A.B. asks: 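Below you'll find the structure I mean.
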Amino acid sequence: MIAASFMAVRSARRRPRVAPLPRWFSSSSSSSSDDNKVVVVPEKIPFGEAAPRMPHTLGLPLQTRPIFPGLITSITLTDPPTIQAMEELWNQDRAFLSCFLRRPTEGHGTVVEVPEIITDPLELYETGTLAEIQRFHKVEEETTATLTLLAHRRVDLLSIDELGPPLRVNVKHWPRLEYAPQPDQDITIRALSNEIISTIRQIAQMNPLFRESLNLFPMRFDANDPFKLADFAASISASGGASADLQAVLAERDPEQRLHLALVLLNRELSVSQLQKEINQKVEEKMTETQRKYFLMEQLKSIKKELGMERDDKDALIEKYQKKLEEYGDKVPKEVNDVIQAEMEKFSTLEKNSPEYQVTRSYLDWLLGVPWGVMSEENFDLAKARRVLDQDHYGLEDVKDAILQFIAIGKLKGTVEGKILCLAGPPGTGKTSIGKSIAQALNRETYIGAMPGKVIQSLKTVGTSNPVILIDEIDKLGSGFRGDPASALLEVLDPSQNSTFRDHFLDVPVDISQVLFLCTANELDRIPGPLLDRMEIIRLPGYDFPEKVTIAENYLVPKSFKESGLMVEKESETIDELHSEEKKMDDSDPDGANIKTTPLEKYVHAPGIPEGVAISREAIQSLVRWYAREAGVRNLAKYIDRITRKLALQIVAEQEGAVLREKSKRKSDSWTIDESNLVDYVGKQIFTSDRLYQDGPLPNGIVMGLAYTSMGGSALYIETQGIQRAPDAEGKPRGGGHVKVTGQLGDVMKESADIAYTVARARLHEIDPANSYFDTADIHLHVPEGATPKDGPSAGITMVTSLLSLATGKPVRNDLAMTGEISLTGKVLPVGGIREKIMAARRAGITCVILPQANQRDFDEIPEYLKEGLHVEYADDYQKVYDVALAWTP
């Protein structure tokens with residue numbers, strides 16, 4: 001879009017090295033015909049012929065009309081690389097570029113989507129204008145920028161240096177054209193000049209808008225300079241000339257011919273003005289009071305009808321909006337339809353240069369971009385859903401069953417509206433990818449990372465009203481001075497409200513009740529209660545050792561090998577055979593219980609890769625055991641990626657004969673990674689054991705507890721130490737009754753320590769009334785790994801046992817671990833995360849675990865292989881804990 005300004009302007013450039021510009025056009029003191037002269041006088045900076053003549057510049061294609069020397073022009077840019085190049089040019093001392101008009105293309109009059117991009121040099125006319133950027137304005141929230149250009153002189157396009165974008169050109173500058181009167185030509189020149197001046201006056205008298213533009217253009221033209229007079233006439237011709245006619249004036253070197261071309265443009269302008277006057281009279285005769293606000297629009301339509309002009313881009317947009325609305329049909333709610341019709345009616349009356357034009361256009365784009373009533377066809381095929389889940393995820397049988405139950409209910413009801421699933425579990429357990437699998441199984445589009453305010457954007461992006469919107473890490477919401485996003489999400493996620501959801505921008509009701517919302521979270525405790533109450537929780541407990549090994553073998557290793565170029569997909573015929581086999585399995589196993597297709601079956605070694613390149617099961621087991629103990633597999637994937645990257649380096653280096661550093665060289669004769677050479681690829685082991693004390697009983701005051709964190713289960717020690725003080729001068733003990741806790745404990749865990757100390761004192765009095773240890777010694781309770789925050793009540797019985805072990809001098813077995821909350825009266829209360837804690841106990845080599853009696857049902861649901869070799873004692877009172885932990889003989 002180009003808008004030329006004929007006003008006297010001052011430079012708006014922000015760079016302090018250039019002084020503000022004066023009026024570009026000032027009068028000359030010579031010649032008696034002062035009223036008919038224009039003299040371009042640069043007062044502060046080089047202008048016109050004084051501007052530099054640089055052969056290589058940035059190029060800018062123009063869409064509607066060329067720029068004539070001496071004019072200030074505003075141009076809107078839409079291409080991001082071109083915008084960036086212009087911004088960099090603007091930051092230089094002098095910002096010059098060459099502007100060339102685009103040639104008409106097939107379908108003349110259609111709008112070019114990105115005018116700044118060309119694919120062929122022939123798309124541009126050969127003659128253009130050297131211009132200087134006077135102002136560059138870019139709005140960060142939008143993808144457009146505006147240039148204010150001052151045109152200096154004509155240039156010829158010699159060649160294209162780079163098509164870009166941005167376009168870079170090689171140009172030749174025109175010399176200054178001086179008119180030398182010839183006896184046989186001077187009379188014709190004068191006649192043409194007088195006719196041009198006369199025509200301008202006629203148009204100004206007939207057309208008020210034309211007259212107003214002349215009044216705003218304080219430029220006195222010199223009838224003795226046919227070049228500048230012709231440029232002036234062409235530049236003020238608004239509706240009389242097509243772009244090709246204006247370009248002809250720009251490219252013409254002969255003064256007489258240039259005047260002829262300019263006069264033709266003015267005569268067309270005069271004809272349009274005469275017809276406009278006639279139309280105006282006819283319209284005024286039949287115009288009523290209610291039609292007055294449509295006057296300008298009716299006038300414009302009449303002019304286009306009389307001249308046979310094609311529709312402008314505004315008419316094309318209105319037609320596009322109307323067509324889109326017809327496609328939706330009666331699916332658009334009446335309230336929304338009324339708003340759209342009103343906005344389209346208003347849009348048809350707005351001028352392009354009006355600020356409200358773009359606002360209304362953007363609003364209509366969003367209103368009609370919402371997929372009103374458009375639904376993707378859902379698939380409730382359980383066999384397909386099971387296959388999709390098994391292809392992308394190993395294990396997690398309880399989670400898969402919950403998802404299949406959800407899909408089965410959707411099949412019976414025919415819809416899944418009103419559901420909000422929350423996948424809760426440690427990082428790296430596949431929560432986000434499971435959300436994608438659900439969308440794939442239902443044949444729905446997925447929008448990931450949605451947050452409040454982007455719901456409508458997600459509908460527009462995927463093009464359906466029933467997508468899967470995945471709100472990742474919903475437990476990381478935080479409120480501030482700008483508001484509480486959790487409260488905003490309540491309106492979005494509540495099934496009783498979201499059928500008439502109102503976006504703040506659209507301000508019309510949008511039915512999002514068909515959207516399936518999936519949320520992921522690491523810690524449910526951090527989700528606000530009202531929001532959590534509306535969710536159906538599906539817990540992902542994390543992966544145990546065998547599952548992580550299998551996931552690495554069947555998923556992570558092939559994926560990493562493919563991304564590193566060590567593996568490629570099998571030929572399409574082989575893949576088709578696999579799909580055929582899967583189809584047979586679907587037919588023979590409708591429940592999908594036996595479908596075990598994994599990515600491992602779809603890849604082979606890439607050409608040139610040694611067949612021995614592999615990671616052995618022993619190496620994967622070592623990675624899981626000594627490097628990546630977290631509940632998920634994200635760190636495990638990182639270690640595998642590290643191995644494949646180093647393998648790729650070694651293979652390419654040996655193929656090229658390149659020399660590597662000693663640390664990067666292959667030290668083994670085999671390409672297979674096993675336990676013997678694993679250290680060469682991933683470094684030394686991160687973990688050695690969860691047990692600080694391997695043999696014999698634990699020291700007094702030390703007990704192993706089991707904890708559940710956002711990273712999964714963990715085995716940690718509770719340590720207590722007594723501090724004996726020397727008696728005072730009277731022989732009385734100093735100290736006793738004080739407890740100090742360290743280890744970055746949260747408030748709940750600190751309260752558990754206080755409760756444990758009280759319970760320990762009471763129990764010690766029952767066990768050994770003569771024991772006054774707590775009366776004479778101060779207690780320091782510490783939980784190692786002080787850099788890791790810890791909280792929760794599940795360490796209660798562990799703390800009591802540690803305190804009693806210290807006070808009684810009895811050690812605890814080193815193969816024993818426990819978890820459970822303690823009440824002030826010694827009751828053992830249930831805790832969460834039993835599966836994760838059992839997995840942590842197995843990693844630590846524990847053979848005996850004490851659990852709350854109420855958690856027996858949780859332990860019974862754990863897979864049998866996790867229970868093998870593990871003895872469990874259940875306690876509902878602390879006495880049972882004491883009997884197992886301390887009433888034994890070392």
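Predicted model only: the values in this text are computed from it and were never measured. Worth knowing before you read on, the calculation uses all heavy atoms, side chains too, and leaves out hydrogens, waters and symmetry mates.
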A.B. asks: Ignoring hydrogens, what is the shortest heavy-atom contact between Ser243 and Leu101? Give both atom names and the distance.
C.D. replies: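 So the two residues come closest at O-CD2, 3.5 Å.
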A.B. asks: Rounded to the nearest 0.5 Å, how far does CD1 of Ile203 lie from OG of Ser273?
C.D. replies: 5.5 Å
A.B. asks: Which of these passes side-chain contact (heavy atoms from CB on, under 4.5 Å) with Ile75: Thr146, Thr148, Leu60?
C.D. replies: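 Result for side-chain contact (heavy atoms from CB on, under 4.5 Å) with Ile75: Leu60.
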A.B. asks: To the nearest 0.5 angstrom, please state how far the OG1 atom of Thr57 sits from the CG atom of Asp161.
C.D. replies: 8.5 Å
A.B. asks: Step by step, work out the side chain to side chain contact (heavy atoms under 4.5 Å, CB included) result for Leu124 and Ile118.
C.D. replies: CA-CA 8 Å; Leu124 301 179; Ile118 66 169; 3.8 Å; yes
A.B. asks: Restricting to non-hydrogen atoms, name the atom on Val249 and the atom on Ala230 that form the minimum distance, rounded to 0.1 Å.
C.D. replies: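 For Val249 versus Ala230, the nearest heavy atoms are CG1-O, 4.2 Å.
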A.B. asks: Taking the side chain from Asn337 and the backbone from Pro333, do they hold a donor-acceptor pair closer than 3.5 Å?
C.D. replies: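 Not confirmed, Asn337 side chain does not pair with Pro333 backbone.
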A.B. asks: Measuring only between side-chain heavy atoms, which start at C-beta, is Thr129 closer than 4.5 Å to Val155?
C.D. replies: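 They are not in side-chain contact.
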A.B. asks: If the test is side-chain contact (heavy atoms from CB on, under 4.5 Å), which one of Leu250, Val171, Leu130 qualifies with Arg154?
C.D. replies: Leu250
A.B. asks: Assess whether a salt bridge exists between Glu123 and Arg103, defined as any Lys/Arg side-chain N lying under 4.0 Å from an Asp/Glu carboxylate O.
C.D. replies: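 No, Glu123 and Arg103 are not salt-bridged.
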A.B. asks: Do Asp245 and Val264 have side chains that get closer than 4.5 Å, going by heavy atoms?
C.D. replies: no
A.B. asks: Between atom OG of Ser98 and atom CG of Leu58, what is the distance when rounded to the nearest 0.5 Å?
C.D. replies: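 Rounded to the nearest 0.5 Å, the OG-CG separation comes to 8.5 Å.
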A.B. asks: Restricting to side chain to side chain donor-acceptor pair (under 3.5 Å), what partner residues turn up for His173, sequence neighbours left out?
C.D. replies: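 For His173 the side chain to side chain donor-acceptor pair (under 3.5 Å) partners, ignoring immediate neighbours, are Arg153.
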A.B. asks: Going by heavy atoms in the side chains, are Tyr363 and Val339 under 4.5 Å from each other?
C.D. replies: yes
A.B. asks: Identify the heavy atoms of Asp79 and Pro81 that sit nearest to each other, and give their distance.
C.D. replies: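 Distance-wise, the nearest heavy atoms are OD1-CD, 3.2 Å.
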A.B. asks: A side-chain contact here means heavy atoms from C-beta on lying under 4.5 Å apart; do Tyr321 and Glu343 qualify?
C.D. replies: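 No, too far: nothing below the 4.5 Å cut-off.
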A.B. asks: Could you tell me whether Arg135 sits above the aromatic face of Trp90, with NZ or CZ closer than 6.0 angstrom to the six-membered ring centre and within 45 degrees of the axis?
C.D. replies: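 That pair does not qualify as a cation-pi contact.
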A.B. asks: Run the side chain to side chain contact (heavy atoms under 4.5 Å, CB included) check on Leu149 and Gln134 step by step: do they pass?
C.D. replies: CA-CA 6 Å; Leu149 301 177; Gln134 296 297 305; over 6 Å; no
A.B. asks: Do the side chains of Ser271 and Leu275 get nearer than 4.5 Å, heavy atoms only?
C.D. replies: no
A.B. asks: If you measure from the Lys or Arg side-chain nitrogens to the Asp or Glu carboxylate oxygens, is any gap between Arg258 and Asp254 under 4.0 Å?
C.D. replies: no
A.B. asks: Would you check if the side chain of Thr199 reaches a backbone N or O of Glu195 as a donor-acceptor pair within less than 3.5 Å?
C.D. replies: yes
A.B. asks: Do any N or O atoms from the side chain of Arg53 and from the backbone of Trp174 form a donor-acceptor pair under 3.5 angstrom?
C.D. replies: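 Side chain of Arg53 to backbone of Trp174: a pair is present.
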A.B. asks: So, Tyr328 side chain and Leu368 main chain: donor-acceptor pair closer than 3.5 Å or not?
C.D. replies: yes
A.B. asks: So does Gln358 get a backbone contact from the side chain of Ser362, meaning a donor-acceptor N/O pair under 3.5 Å?
C.D. replies: no
A.B. asks: With a 4.5 Å cut-off on side-chain heavy atoms, are Leu150 and His152 touching?
C.D. replies: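 Sidechains of Leu150 and His152: in contact.
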A.B. asks: Could you check if a side-chain atom of Thr78 sits within less than 4.5 angstrom of a side-chain atom of Thr143, using non-hydrogen atoms only?
C.D. replies: no
A.B. asks: Of the non-hydrogen atoms in Ala233 and Leu266, which two are nearest, and what is the gap between them?
C.D. replies: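 Heavy-atom minimum between the residues: CB-CD1, 3.6 Å.
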A.B. asks: Quick one: does Phe100's side chain get under 4.5 Å of Val169's, heavy atoms only?
C.D. replies: yes
A.B. asks: With Ser159, which residues qualify under side chain to side chain donor-acceptor pair (under 3.5 Å), at least two apart?
C.D. replies: none
A.B. asks: Hey, what do you get for CD (Glu269) to CD (Gln202), rounding to the nearest 0.5 Å?
C.D. replies: 12.5 Å
A.B. asks: Using the test side-chain contact (heavy atoms from CB on, under 4.5 Å), find all partners of Gln274 that sit at least two apart in sequence or belong to another chain.
C.D. replies: Met206, Leu270
A.B. asks: Under the side-chain hydrogen bond (donor to acceptor under 3.5 Å, both in side chains) criterion, do Gln247 and Thr127 qualify, and how do the steps go?
C.D. replies: CA-CA 8 Å; Gln247 177 66 29; Thr127 302; 4.7 Å; no
A.B. asks: May I ask you to say whether Glu326 pairs ionically with Lys323, meaning some side-chain N is under 4.0 Å from a carboxylate O?
C.D. replies: no
A.B. asks: Looking only at non-hydrogen atoms, find the nearest pair between Leu246 and Ala234 and report the distance.
C.D. replies: CD2-O, 3.5 Å
A.B. asks: Under the side chain to side chain contact (heavy atoms under 4.5 Å, CB included) criterion, do Leu192 and His260 qualify, and how do the steps go?
C.D. replies: CA-CA 7 Å; Leu192 288 171; His260 268 294; 3.7 Å; yes
A.B. asks: Indicate the atoms forming the closest heavy-atom contact of Glu116 with Thr82, along with that distance.
C.D. replies: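 Result for this residue pair: CB-OG1, 3.8 Å.
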A.B. asks: Taking the ring of Tyr357 and the ring of Phe347, is the distance between their centroids below 6.0 Å?
C.D. replies: yes
A.B. asks: Would you give the length of the straight line joining atom CG of Asn170 to atom CE of Met54, rounded to the nearest 0.5 angstrom?
C.D. replies: 13.0 Å
A.B. asks: Check the pair Thr76 / Thr144 against side-chain hydrogen bond (donor to acceptor under 3.5 Å, both in side chains), numbers first and verdict last.
C.D. replies: CA-CA 7 Å; Thr76 299; Thr144 62; over 6 Å; no
A.B. asks: With rounding to the nearest 0.5 angstrom, report the CG to CD1 distance, Leu263 to Ile196.
C.D. replies: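 These two atoms lie 5.5 Å from each other.
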A.B. asks: Is there a side chain to side chain contact (heavy atoms under 4.5 Å, CB included) between Met86 and Ile133 once you walk through the steps?
C.D. replies: CA-CA 9 Å; Met86 293 301 173; Ile133 301 177; 4.2 Å; yes
A.B. asks: Between Lys324 and Asp365, is there a side-chain N and carboxylate O pair less than 4.0 Å apart?
C.D. replies: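 Not counted as a salt bridge, because no side-chain N and carboxylate O are separated by less than 4.0 Å.
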